[in-house]
Chemist: 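I'd like to ask you about the structure that follows.
In what follows, every chain begins at residue 1, and chains take the letters A, B, ... in the order their sequences are listed. Keep in mind it's a predicted model, so treat the numbers as computed, not measured.
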Amino acid sequence: MRRDEGTLHSAIGTLSTNRMVKRRPSPVDSKAGPLTDGPTARALLAWYDRHRRTLPWRAKPGDIPDPYRVWLSEIMLQQTTVTAVKPYFEKFLTLFPDVFALAAAPTEAVMSAWAGLGYYSRARNLHACAKAIVEVHGGIFPETPDALRALPGIGEYTSAAIASIAFNRVATVVDGNVERVISRLYAIEEPLPGSKPQIKALTTALVPEDRPGDFAQAMMDLGATLCSPKSPSCILCPFSGSCAAQKRGDAEIFPRKTPKKEGQLRRGAAFVLLREDGAILVRTRPDKGLLGGMTEVPGTEWSASFKAKDVTTLAPIEAEWTKLRGHVRHVFTHFPLELTIYAARCSKRKSAPQGARFVSLDALDQEALPSVMKKAITFALENFPQ
DNA sequence: TAAGCGTGGCC
DNA sequence: TGGCCAAGCTT
């Protein structure tokens, strides 16, 4: 620990003196510890200036960032990969070009545009946040972490990210990438999430006053490219030589994590009712909880004790329900799900029961349909009886 | 504090 | 193929 502190202080010293000295640690240095250069923001920023990723929401060098784009991307990127976010980001910019358009949009439009991206409370909070920015802040994003933190869907990470990236404010941005990079730089043995306070303190000490936004993005770019979870490219890393894990040669074991207990399998049934004019029966889930506010086909509760026996008594209408062979499997973050699918047809004159509605298959893409429901409907249509 | 909350890609 | 993982927030 004393060694870490020494390394940190030398990093701060290098920053404050604004030196561009390239000091390759000698064998003597690396044994001496405190004499070895620690990681510096300068080294990282030099790398970033050459290797930064081009992303749809990222301002080009010299350009002023658009807070709306920064905010929208940060919400979408929560626990979500860049690849998954890109098409949704473009779609949202087209449908809702600015915070005023988003605030004025119907909730259903926001939810259906978000469908497939997951963690649907993000969409609800996104909409609430847009309204708050328009109604409370006159459509202007607040610039400080504290003010941002007060908005729906914006927590510790996102408030710091927006403040630093959109407004170049000094803030400590710690996401999964930063946790990995810092854990390796200092070979932190304590597992996450217990190591979070230490990681935040070490990160804070590295943030440069002149380019906090670039520093945050550089740390995340580094974590997403070179300092990857598996087989990191230490040889190319700007921190090579000042990274404790790289010196040990076992960077990939960091960050250590406390194992999570796995969720128990839940089962349930779903009913796909196809009307003869090509519409299926759907309903809207309650606003809160799993898949809150999203569209679903009618079904049973999902539970560990579910038995696929006599479940047609739970069907939305009386019909000739056929139990389809096989199951639809889906894995949520906290439990796996196995759905038994029942299928039936009904006449064009059939009206939807209370709380449900018919939607033509052609209009299904305008629904807020989560992936598990797309799976269930696709499975039913592909295996429909007769 | 810990649990709840999605999804798709990767090896 | 299945476990791991991705720019976390809310309660």
Side-chain angles (χ1 to χ4, degrees), chain A residues 52-53 55-58 69-89 111 114-126 128-129 148-166 171-181 192-194 196-197 200 203 213 215-225 227-232 252-253 255 257-266 285-294 296 302 329-337 368-375:
Chain A
R52 55 183 286 160
R53 290 178 291 174
L55 298 169
W57 45 85
R58 178 176 285 180
R69 287 172 160 256
V70 173
W71 164 68
L72 180 60
S73 68
E74 288 301 339
I75 302 299
M76 288 184 167
L77 286 162
Q78 288 168 5
Q79 299 289 284
T80 309
T81 59
V82 165
T83 305
V85 164
K86 277 180 179 172
Y88 284 88
F89 180 79
M111 299 307 289
W114 195 276
L117 199 52
Y119 285 134
Y120 297 102
S121 66
R122 288 186 297 171
R124 193 166 300 279
N125 285 333
L126 181 86
C129 185
L148 288 160
R149 181 79 172 76
L151 292 164
I154 298 182
E156 183 174 8
Y157 160 77
T158 306
S159 59
I162 297 173
S164 68
I165 296 172
T172 305
V173 178
V174 181
D175 73 330
N177 289 305
V178 177
E179 286 175 347
R180 185 168 56 255
V181 172
L192 285 168
K196 279 174 180 283
K200 182 166 186 188
T203 306
F215 176 79
Q217 295 177 89
M219 287 288 278
M220 293 190 279
D221 274 21
L222 185 69
T225 58
C227 199
S228 47
K230 289 172 186 170
S231 53
E252 62 283 349
I253 73 169
K257 295 187 178 180
T258 55
K260 300 167 190 166
K261 44 186 170 185
E262 56 187 81
Q264 195 178 11
L265 172 68
R266 298 183 202 178
R285 293 175 65 90
D287 279 349
K288 294 190 174 182
L290 186 66
L291 306 176
M294 302 299 286
E296 68 173 1
W302 303 339
R329 296 173 202 284
H330 189 78
V331 181
F332 293 98
T333 307
H334 50 306
F335 68 92
L337 175 68
L369 214 56
S371 291
V372 62
M373 290 300 152
K374 279 190 177 174
K375 275 190 202 177

Chemist: Base, sugar-phosphate, or nothing: which does Trp71(A) touch, judged by heavy atoms less than 4.0 Å apart?
Modeler: nothing
Chemist: Considering only atom P, compute the distance from dT11(C) to dG6(B) and round it to an integer number of Å.
Modeler: 14 Å
Chemist: Taking the side chain as every heavy atom from C-beta outward, state whether Pro232(A) and Glu252(A) have any pair of such atoms under 4.5 Å apart.
Modeler: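 Pro232(A) reaches Glu252(A) side chain to side chain.
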Chemist: Side-chain N or O of Tyr119(A) less than 4.0 angstrom from OP1 or OP2 on dG4(B)?
Modeler: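 For dG4(B), OP1/OP2 do not have a side-chain N/O of Tyr119(A) under 4.0 Å.
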Chemist: Rounded to the Å, how far apart are Ile75(A) CD1 and dC9(C) P?
Modeler: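 These atoms are roughly 8 Å apart.
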Chemist: Are there any protein N/O atoms within less than 3.5 Å of an N/O atom in nucleotides 8-11 of chain B, and if so, which ones and at what distance?
Modeler:
{"residue": "dG8(B)", "atom": "OP1", "partner": "Ser371(A)", "partner atom": "OG", "Å": "3.0"}

Chemist: For Leu117(A), which contact category applies under a 4.0 Å heavy-atom criterion: base, sugar-phosphate, or nothing?
Modeler: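 Result for Leu117(A) = base.
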Chemist: Which atom pairs, donor and acceptor, lie under 3.5 Å between side-chain atoms of residues 257-266 of chain A and protein residues at least two apart or in another chain?
Modeler:
{"residue": "Thr258(A)", "atom": "OG1", "partner": "Leu192(A)", "partner atom": "O", "Å": "3.1"}

Chemist: Identify, with sequence neighbours excluded, every residue that meets salt bridge (charged side-chain N to carboxylate O under 4.0 Å, His left out) alongside Glu296(A).
Modeler: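 Once residues adjacent in sequence are excluded, the partners of Glu296(A) under the salt bridge (charged side-chain N to carboxylate O under 4.0 Å, His left out) criterion are Arg283(A), Arg285(A).
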Chemist: Quick one: is Lys288(A) getting a side-chain N or O under 4.0 Å of the dT11(C) phosphate, OP1 or OP2?
Modeler: no
Chemist: What is the distance, to the nearest angstrom, from the OH atom on Tyr157(A) to the P atom on dA6(C)?
Modeler: 13 Å
Chemist: Taking atom types as modelled, find out whether Arg58(A) and Gln217(A) have a side-chain donor-acceptor pair closer than 3.5 angstrom.
Modeler: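 Yes, because at least one side-chain N or O of Arg58(A) sits under 3.5 Å from a partner of the opposite role on Gln217(A).
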Chemist: Side-chain N or O of Thr158(A) less than 4.0 angstrom from OP1 or OP2 on dC9(C)?
Modeler: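 Answer is yes, contact under 4.0 Å.
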Chemist: Taking only residues at least two apart or on different chains, which pairs with a member in residues 77-87 of chain A satisfy salt bridge (charged side-chain N to carboxylate O under 4.0 Å, His left out)?
Modeler: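 Counting only pairs at least two positions apart or across chains, no salt bridge (charged side-chain N to carboxylate O under 4.0 Å, His left out) contact touches residues 77-87 of chain A.
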Chemist: Considering every strand and a 4.0 Å limit on heavy-atom distances, what is the contact class for Lys196(A): base, sugar-phosphate, or nothing?
Modeler: nothing
Chemist: What does Leu126(A) touch in the nucleic acid at a heavy-atom separation under 4.0 angstrom: a base, only the sugar-phosphate, or nothing?
Modeler: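 The answer is nothing, as Leu126(A) stays clear of every strand by at least 4.0 Å.
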Chemist: Should Arg180(A) be listed as having a side-chain N or O under 4.0 Å from OP1 or OP2 of dA6(C)?
Modeler: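 Checking dA6(C) against Arg180(A), a side-chain N or O does come within under 4.0 Å of OP1 or OP2.
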Chemist: Tell me: CG of Asp175(A) to P of dC5(C), nearest whole Å?
Modeler: 15 Å
Chemist: Residues two or more places apart in sequence or in another chain: which of them pass salt bridge (charged side-chain N to carboxylate O under 4.0 Å, His left out) with Arg53(A)?
Modeler: Asp221(A)
Chemist: Send over the distance from Leu290(A) CG to dG4(B) C1', rounded to a whole Å.
Modeler: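 Answer to the nearest Å: 9 Å.
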Chemist: Is there a side-chain polar atom (N or O) of His334(A) under 4.0 Å from OP1 or OP2 of dA3(B)?
Modeler: no
Chemist: Given that Ser121(A) and Lys257(A) both sit by DNA chain C, which one's nearest nucleotide is further toward the 5' end?
Modeler: Lys257(A)
Chemist: Rounded to the nearest Å, what distance is computed from the CD atom of residue Glu262(A) to the P atom of nucleotide dC5(B)?
Modeler: 17 Å
Chemist: Give the rounded distance in Å between these two atoms: CZ of Arg124(A) and C1' of dT10(C).
Modeler: 14 Å
Chemist: Distance-only, no hydrogens or angles: does the Ser73(A) side chain make a donor-acceptor pair with backbone N or O of Trp71(A) under 3.5 Å?
Modeler: no
Chemist: May I ask you to verify if any side-chain N or O of Gln78(A) is less than 4.0 angstrom from the OP1 or OP2 atom of dG8(C)?
Modeler: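 So the side chain of Gln78(A) is outside the cut-off, no N or O lying under 4.0 Å from OP1 or OP2 of dG8(C).
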Chemist: Who are the salt bridge (charged side-chain N to carboxylate O under 4.0 Å, His left out) partners of Lys200(A), not counting sequence neighbours?
Modeler: Glu156(A)
Chemist: Tell me what Glu156(A) touches on the nucleic acid: a base, only sugar-phosphate, or nothing, going by heavy atoms under 4.0 Å.
Modeler: sugar-phosphate
